[in-house]
Colleague: 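Below: one structure in structure tokens.
Ligands are counted one by one from 1 in listed order, and the atoms in each one are counted from 1 as well.
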Amino acid sequence: MKIILLGSPGAGKGTVSKLLIAHDGSAHISTGDMLRNNVKEGTPLGKKAKEYMDRGDLVPDSLIMDMMEERLQEPDCKKGFILDGFPRTIPQAEALGGLLKKLSLTIDLVVNMEIGKQVVLDRLTTRRTCSNAACQAIYNVKTMPTKVAGICDKCGSPVIQRSDETEEAILNRLATYNKQTAPLIDYYNKKGKLLTIEAVSSDGVVKAITGSLSK
Ligand code: AMP
């Protein structure tokens, strides 16, 4: 499958992506994860991106497009890909359109995962992420705690609260989403590719997506 997941921070795009890749081996491409890895490794891109990310602002489009142009040409994308957190602006969507044309690829479906603001705040302030870049398992202190406090069940690395998951940063990320990313809903609707789903349960979202793709 070649799909784009749209949805505010905390809509569950990462969880849904992980469930979807189990279906057909498509690559999960999360620009947020890629940027966090660059920050962790202290690459030139990571150094430029960090201050934007910590504030909950978007990283400039040009940096994202350079990173994505390379990523979409890696061999694991041949089977398909799930774009999680990209595109985030109209200029990114337009640049993606040009890039896909150049690579002779087309998107099957754009999924708009809808979720309320209070649910997002509750989900994100209680979310914890494995600090191991190769793992990045997601937990929740209320609904899905680790077996041993603060330690990842899967790999034993410390589990952390992301610096952009404080209440202040989350509110800024939501405002950024409404201003810069929500216009993509209309953009892809006009192209006839949009499926809007209420993102209550990840399994429900996965069913709706696989159902729509098999039509
Ligand atoms: P995410 O994990 O997708 O919520 O992304 C975390 C942060 O990475 C965002 O708040 C942005 O600062 C940055 N980011 C991720 N994807 C993009 C993108 N496509 N364009 C610009 N910034 C991005």
Colleague: Check S17 against K13 and note the closest heavy-atom contact, atom names and distance.
Modeller: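 Taking every non-hydrogen atom into account, OG-O, 2.7 Å.
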Colleague: Select all protein residues for which some heavy-atom-to-ligand 1 distance is less than 4.0 Å, and list them by chain and number.
Modeller: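 Only T31, G32, L35, R36, M53, D57, L58, V59, I64, G85, F86, R88, Q92, R162, D164, R173 have heavy atoms that fall under 4.0 Å of ligand 1, ordered by chain and number.
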Colleague: Using the rule that Ile, Leu, Val, Met, Phe, Trp and Tyr join whenever any side-chain heavy atoms are under 4.5 Å apart, tell me whether M113 and L6 fall into a single cluster.
Modeller: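 Different hydrophobic clusters.
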Colleague: Heavy-atom distance under 4.5 Å between the side chains of R173 and E165, does that happen here?
Modeller: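 R173 vs E165: side chains touch.
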Colleague: Per the side-chain contact (heavy atoms from CB on, under 4.5 Å) rule, which among I29, V110, T31, L5 passes with L83?
Modeller: I29
Colleague: Donor-acceptor pairs are to be reported for all side-chain atoms of residues 52-64 against protein atoms at under 3.5 Å, with residues two or more places apart or in another chain.
Modeller:
from : atom 1 : to   : atom 2 : distance (Å)
D54  : OD1    : S163 : OG     : 2.9
D54  : OD2    : K50  : NZ     : 2.4
R55  : NE     : D57  : OD2    : 2.7
R55  : NH2    : D57  : OD2    : 3.4
D57  : OD1    : N172 : ND2    : 3.0
D61  : OD1    : T89  : OG1    : 3.2
D61  : OD1    : Q92  : NE2    : 2.9
D61  : OD2    : T89  : OG1    : 3.4

Colleague: Supply the atom-to-atom distance M34 CE to R71 CZ, rounded to the nearest 0.5 angstrom.
Modeller: 6.0 Å
